[in-house]
Amino acid sequence: MELRSNAPEGPIETAWERHRFDMKLVNPANKRKFTVLVVGTGLAGGSAAATLAELGYNVKAFCFQDSPRRAHSIAAQGGINAAKNYQGDGDSIYRLFYDTVKGGDFRSRERNVYRLAQLSVEIIDQAAAQGVPFAREYGGLLANRSFGGAQVSRTFYARGQTGQQLLLGCYQALSRQIDAGNVEMHARTEMLELIVDNGRARGIVTRDLLTGKIDTHFGDAVILATGGYGNAYFLSTNAMGSNATAAWRAHRKGALFANPCYTQIHPTCIPVHGTHQSKLTLMSESLRNDGRVWVPKKKEDCGKDPRKIPESDRDYYLERKYPAFGNLVPRDIASRSAKEVCDEGRGVGPEVDGRRLGVYLDFADAIERLGEDAVRDRYGNLFEMYERITDENPYKTPMRIYPAVHYTMGGLWVDYNLQSTIPGLFVLGEANFSDHGANRLGASALMQGLADGYFVIPYTLGNYLGHHGREILANTVDASSASTKAAVGDVEARIEKLLGIGGKKSPDHFHRRLGQIMWDKCGMARNKAGLEEALVEIPKLREEFYSNLAVPGSGDDFNQTLVKATRVADFLEIGELMVRDALNREESAGGHFREEHQTPEGEARRDDENFTYVAAWEFNGVGVEPTLHKEQLEFEYVKLTQRSYK
Amino acid sequence: MAGQALSLPQTTIGKKAIMAASSIILMGFLVGHLGGNLLIFADNPEQAVNAYSNWLREFGHGSVIWIVRAVLIAAVLGHIWGAMTITARNKAARPVGYRRKQSLRSTLASRTMVYGGMAITAYIIYHLAHLTFHAGIPGGFNPLDDPAYPHLTTNVYLNLVESFQNPGIVGIYVLAQVFLGLHLYHGAWSFLQTLGASHPRYNETRKLAAAAFAGLISVGFILIPLGVQFGLVK
Amino acid sequence: MKITLHVWRQKSAKDRGDFETHRLDDVSADSSFLEMLDQLNDGLVEQGREPVAFDHDCREGICGACGMVINGYAHGPRALTTACQLHMREFGDGDEIWIEPWRAKAFPVIKDLAVDRSAFDRIIGAGGYVSVNTGSAPDANEIAIPKKIADQAMDAATCIGCGACVAACPNASAMLFTSAKVSHLGMLPQGQVERFDRVRNMVAQHDAEGFGGCTNHGECEAACPKGISLEWIARMNRDFLKAMVAERDTVSAR
Ligand SMILES: Cc1cc2nc3c(=O)[nH]c(=O)nc-3n(C[C@H](O)[C@H](O)[C@H](O)COP(=O)(O)OP(=O)(O)OC[C@H]3O[C@@H](n4cnc5c(N)ncnc54)[C@H](O)[C@@H]3O)c2cc1C
Ligand code: HEM
Ligand code: SF4
Ligand code: FES
């Protein structure tokens, strides 16, 4: 299979505009003839569903939560980037583009990123018009802050709840279309299979989570905006329900999966407290602006009260190793350094399973310099959240933080039009692999999700339907089609199988164990031996899952254990692919750090000669080696350089 | 959307607005009524009270009192209608109750509005029967039957003084005023909230003023029977 | 720590339901309330029994999915805290804990502690938006908004749609929720055009869903994990009465 990005040639600045002009349009009367299925109503799916309905398409939207307003996007805290240059501090579309390509460690597609930077500007306009209450200056204009290593202030925010406010804006637009009858909303409905007919994505098989009813929905195109797969690690900052099922099922049906090993580990999360921990909580990255990260120099000090450890016995390791950026090094570097010191046995906090996994983030200096009130002003709500969870007062004793899985840069492979390798299947938001390369910069996931949904898919979908609409309409797919029957049969068999194992252990039990393997062997630092072990352990665990899983209750009511089991079953497969990809990528890039590939100082070392490509995997069966397809990446505008934050 | 104001009573906020509007009339009445009644503590109470009541009856050739009465009756009916329909609606909104439920902010007053209201209704009937229509009140004093006082129907002062010699009647009046006070403790800030008369700067004051108002009204009214009972009225 | 749980179990909306008692012997004080329930559920599943159903997703106090009445308090006894952010250290060793679902006619029980809150979505659908199609927006800095107004709008906009206000209200009224959205949009310049239609339609939908009316108890404000203020209800009342009585269709120059 040849992977064609379908990105327009020519000057990058006008590429999208020219492409928009070249694309086919669907006239308003014809739009009504088309039905589009949108799976997922987070920022990406919600914005797509609302916009497509506004344009006149019939839209059916799906989410597994009880309301589209609760999609995981709601949890984003920090902000959203846009190249508005309202601060006049030298920002521009080109600079945002440049920063994103570099931040992604040169593993993203330049033309996609450029378009993203261009559209970022319109997102802010749209959101403001919807009534998103962004932070403002006293003069009444929008405020910005700097974020995640950027040298300009381009991040727009709404307190620490930017994702919430953007999602609510999008949800409100969607609600308006639902009320108008243009969107048929199916909440508490999980997509379990994709229907591909005559080579095109034409429908989905869903399960109503309340009644257990297996249903089919047909359309002329299918859009997946189902978020990331970070929960393969069990513990992550993702919501409990975030899952890979929709994307994974599409992958099994032929959509290639790109760069599955690129995982972002966020450095400032609250450490694990014990074995019953169910998820991890992110503390905004902004804390690193004023907090100093340290651990004791001596192992013996690790259990001591940190306030009693003298300055001379503390190791401010980020400041020591990276004098230029200090505590503000990018996420991947900060995370890895924390892991290193903890692996050396210098971690702090209570022991969990015999290890102390945590480092101090100390505000004592900031409090002395700025005063407690100023610190409260800046971080009050975060400190409160920290105290609520840990029962420790960060004004008095240093916070403890540890990295946690946060975001997945990999996802279904899509071309410039956001179309996967299955015609008619489009993938938006975190579920695709498109714009962040090997590492995502802070405040750019919200930007990407909304750019995809509000401003890209409305055009590219029209182009697809404009070209193939007639053929699609002529080929009716319904419940009696062979492709539908096979898909439904497959789903029913899976559910029956999970219900019938009659074992002893809950889905969470297996999920936890998978997470442990993934974290230990395919986490912040990976090596060949560990990855190969994981390739043995995961299939074994999968086998055990299918022989010792317990799912009480039946398939025809609200059975949360069954829902969990269907998701874990898919995590057990995607986990293996992540490991394979990590094993294949014999270099370190962004969120993927191979211990074999580092500089003598312990920094990540890319191998541009051999790995400047997108690794897109084709499914060949469970436990069967997948086929690797490569999309070569070209860098015409941003010169490949080694990142340095010294 | 002409005529939508007519659908106001069907809405939850509309019902409350009607209650609030009517309660303004009723509270206005209470203030006036209390003012008039406190004349009983004047130097020559009999003359002051009777002159006041005669003035009320004859003002505008006797028409004004009927207008006032009509407005008051409408207000009471409107208020009661609002109370009944909203209470019924609110009960229906939670068909299955909690086994355990703690209150954080609501007050005894706010939770007993409807009972207080019913007590006030009962009291109003009693009060009118007693002093306006002079119906026989068991154990009470019925001046119409007493030949010793041929002109008593208009001697409001004597009506009061004689009735409040009876501790039972005093008890009923005092109790009723406690209910009224409680009703107003919540009601007198609540009606402002209902009508949207709020401002962060004044909201605390709003509550204090309501409590003060409730206290003044109920203590004011209580003073009358107690004053008579304990011989403070000349 | 050891605790005794009395959990509401109800198979479906039609079932009558009752409390079921469970004992847990080794609960960590550092566990969140929902992690404690996970622990209970894991045990139940391993015994082949059906676990307790409850909604949850983010476990960070922002998605609004979780919610249950814990010992008589919506989201439990700690102020400004969702059930998922409540920790077991709020309770004492040996405590008895009663857990019930949100109770309201407009929130029918689905199973155990999970209820159907789709009424909230319909209230938003009735008008809780600004009708602006994608692509037609002017530059975001075209309209300056005083910081104070923007901040207040944000205060109202932080509602997470959890339904605790309804659960705590003696009248099962959803006025706090409704007013938060009416006020958020009604305060901003972008929301002015539809301001009076919005409040009219949202209140009508609120009523049609079978929620009770507000009688100003203030329980909602006290239970709300996001500190949404009663002030917004007053503001909504004001707008609603203006819309209905003055029959305003759109905002005037005022
Ligand atoms: C704690 C946290 C903080 C963050 N902060 C920031 C930040 O400050 N700035 C930033 O830019 N990014 C941030 N991110 C990242 C960003 O929030 C996400 O990447 C982004 O919101 C993903 O949006 P999405 O629309 O792609 O997916 P989601 O919001 O995850 O939505 C997925 C949707 O798909 C549905 N779905 C999933 N599977 C199925 C299925 N099988 N069937 C039916 N429906 C399904 C879900 O119901 C949901 O509606 C943060 C992430 C986390 C975890
Ligand atoms: C002297 C007569 C009365 C006065 C001055 C009075 C005053 C008030 C006031 C000010 C309110 C608050 C209204 C609002 O918040 O909008 C109120 C509420 C109420 N009143 Fe009365 N009231 C009187 C008589 C009655 C009567 C006779 C009833 C009969 C049932 C009654 C029942 C109620 C109820 C149930 C409420 C509560 C409704 C709510 O809180 O929303 N009241 N009253
Ligand atoms: S107003 Fe408060 S309690 Fe009510 S839904 Fe919103 S956040 Fe929850
Ligand atoms: S689970 Fe999201 S708010 Fe509690």
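Note that the coordinates shown come from a computational prediction; the quantities given were computed from them, not determined experimentally. When reading the values below, keep in mind they use all heavy atoms of this one structure, side chains included, and skip hydrogens, waters and symmetry mates.
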Measure [X] against the heavy atoms of chain C and call it side chain, backbone, both or neither at under 4.5 Å.
| X | result |
| --- | --- |
| A:Gln126 | both |
| A:Asp391 | both |
| A:Asp66 | both |
| A:Leu141 | both |
| A:Phe64 | side chain |
| A:Gln277 | both |
| A:Ser278 | both |
| A:Gln164 | side chain |

One thing to verify: whether [Y] and [X] come together as a salt bridge, which I'm taking to mean a side-chain N less than 4.0 angstrom from a carboxylate O.
| X | Y | answer |
| --- | --- | --- |
| C:Glu50 | C:Arg9 | no |
| A:Arg188 | C:Asp55 | yes |
| A:Lys504 | C:Glu46 | no |
| A:Lys84 | C:Asp139 | yes |

Side-chain donor-acceptor contact under 3.5 Å, [X] with [Y]:
| X | Y | answer |
| --- | --- | --- |
| A:His406 | A:Thr237 | yes |
| C:Gln10 | C:Asp112 | no |
| C:Asn41 | C:Arg49 | no |
| A:Asp208 | A:Thr189 | no |
| C:Ser31 | C:Gln39 | no |
| A:Gln161 | C:Thr158 | no |

Could you tell me which of [options] has the largest number of non-hydrogen atom pairs under 4.5 Å with chain A?
| options | answer |
| --- | --- |
| C:Pro51, C:Ala140, C:Gly125, C:Ala137 | C:Ala140 |
| C:Pro146, C:Gly48, C:Ala29, C:Gly64 | C:Gly64 |
| C:Ile149, C:Val132, C:Leu44, C:Asp116 | C:Val132 |
| C:Ala53, C:Ala153, C:Ser32, C:Gly61 | C:Ala53 |
| C:Leu188, C:Ile143, C:Ile110 | C:Ile110 |
| C:Met187, C:His56, C:His184 | C:His184 |

Please classify the contact between [X] and chain A as side chain, backbone, both or neither, with a heavy-atom cut-off of under 4.5 Å.
| X | result |
| --- | --- |
| C:Arg59 | both |
| C:Ala114 | side chain |
| C:Leu86 | neither |
| C:Ser118 | neither |
| C:Ile145 | both |
| C:Arg122 | neither |
| C:Leu34 | neither |
| C:Asp30 | both |
| C:Lys148 | neither |
| C:Ser12 | neither |

Answer yes or no on whether C:Lys147 is positioned over the face of A:Tyr138, meaning its NZ or CZ is under 6.0 Å from the six-membered ring centre and within 45° of the axis. yes
Close side-chain approach of C:Phe91 and C:Ile97, heavy atoms under 4.5 Å: yes
With heavy-atom distances below 4.5 Å as the criterion, would you say the side chains of A:Phe510 and A:Leu549 are in contact? yes
As an exercise: rank [options] by heavy-atom pairs under 4.5 Å with chain C and give me the winner.
| options | answer |
| --- | --- |
| A:Leu210, A:Asn559, A:Thr390 | A:Thr390 |
| A:Gln165, A:His509, A:Lys505 | A:Gln165 |
| A:Leu167, A:Asp125, A:Asp179, A:Val551 | A:Asp125 |
| A:Gln560, A:Gln172, A:Arg176 | A:Arg176 |
| A:Met385, A:His72, A:Arg159, A:Met185 | A:Arg159 |
| A:Arg388, A:Gln130, A:Lys279, A:Glu384 | A:Arg388 |

Flag the pair C:Phe211 / C:Phe107 as yes when their ring centroid distance falls below 6.0 Å, and as no otherwise. yes
Could you check, using the six-membered ring where one of them is a Trp, whether A:Tyr157 and A:Phe134 have ring centers closer than 6.0 angstrom? no
ring-ring contact (aromatic ring centres under 6.0 Å, His included) for C:Tyr73 and C:His75? Distances and angles first, verdict last. CA-CA 6 Å; C:Tyr73 299 100; C:His75 285 306; over 10 Å; no
Evaluate C:Asp121 against A:Tyr171 for side-chain hydrogen bond (donor to acceptor under 3.5 Å, both in side chains), listing each step before the verdict. CA-CA 9 Å; C:Asp121 292 318; A:Tyr171 156 75; 2.6 Å; yes
